[in-house]
Amino acid sequence: MTARICRRLCGDSEQGVLRASSRWFAPVEEREFGNGQLRSADSLVAALATQSRMLVMDEAERVRALAAIRDFLHRQPETSAGEFSLPLVTVALRAVRRP
């Protein structure tokens, strides 16, 4: 995943893009940080309702989409019994400029 992000930003091929250095920068360092959020099905649907994709939808389509998401979450054993941890990962890339 991180190679894809860097490729989009740098335009380089995936092969070695994160570990490669250049005359301007030392090799890129990468760290991942787990950051789970405690959610319920309803709080996740409320958060999704604030996403730009939802906000630009026709009102009727948005209501149907959010209802479908809520129904799906209520049918899943992992998300139907109250609170669950929504796993999120923050990926940080660091490149130090050479002198």
Side-chain angles (χ1 to χ4, degrees):
M1 176 171 91
T2 55
R4 181 172 26 114
I5 293 167
C6 193
R7 195 171 58 250
R8 288 172 118 184
L9 296 174
C10 306
D12 282 333
S13 68
E14 187 172 338
Q15 197 171 37
V17 72
L18 293 177
R19 303 296 183 270
S21 60
S22 71
R23 67 180 186 171
W24 295 289
F25 293 98
V28 173
E29 299 172 35
E30 175 186 355
R31 297 289 273 309
E32 291 187 4
F33 303 92
N35 182 24
Q37 290 184 352
L38 198 56
R39 295 281 188 175
S40 67
D42 291 331
S43 72
L44 182 54
V45 170
L48 292 172
T50 68
Q51 299 291 315
S52 60
R53 178 179 284 181
M54 289 291 182
L55 295 173
V56 298
M57 279 183 183
D58 174 68
E59 179 68 24
E61 183 181 3
R62 182 173 46 250
V63 168
R64 283 192 304 273
L66 293 173
I69 293 167
R70 183 177 290 109
D71 291 344
F72 173 81
L73 292 171
H74 283 297
R75 288 193 312 270
Q76 305 309 305
E78 301 89 349
T79 56
S80 64
E83 291 186 330
F84 57 92
S85 179
L86 178 65
L88 300 175
V89 176
T90 299
V91 178
L93 302 176
R94 177 178 180 254
V96 177
R97 186 167 180 166
R98 294 184 190 275

request  = Would you please test E59 and R62 for salt bridge (Lys or Arg N to Asp or Glu O under 4.0 Å) and show each step?
outcome  = CA-CA 5 Å; E59 179 68 24; R62 182 173 46 250; 2.3 Å; yes
Could you state the interatomic distance from [atom1] ([X]) to [atom2] ([Y]), rounded to the nearest 0.5 Å?
{"X": "S80", "Y": "D71", "atom1": "OG", "atom2": "CG", "value": "12.5 Å"}
{"X": "L73", "Y": "D42", "atom1": "CG", "atom2": "CG", "value": "9.0 Å"}
{"X": "L44", "Y": "Q37", "atom1": "CG", "atom2": "CD", "value": "9.0 Å"}
{"X": "S43", "Y": "L86", "atom1": "OG", "atom2": "CG", "value": "8.5 Å"}

Minimum heavy-atom distance [X]-[Y], with the two atoms named:
{"X": "R23", "Y": "R98", "result": "O-CD, 3.4 Å"}
{"X": "L48", "Y": "M54", "result": "O-CG, 3.2 Å"}
{"X": "G36", "Y": "S85", "result": "CA-OG, 3.9 Å"}

Can you check whether [X] reaches [Y] side chain to side chain, under 4.5 Å on heavy atoms?
{"X": "F84", "Y": "R39", "result": "yes"}
{"X": "L66", "Y": "M57", "result": "no"}
{"X": "T90", "Y": "E32", "result": "no"}
{"X": "R97", "Y": "F25", "result": "yes"}
{"X": "Q51", "Y": "L55", "result": "no"}
{"X": "E30", "Y": "V91", "result": "yes"}

message = With a 4.5 Å cut-off on side-chain heavy-atom distances among I, L, V, M, F, W and Y, is there a chain of contacts connecting V28 to V96?
response = no
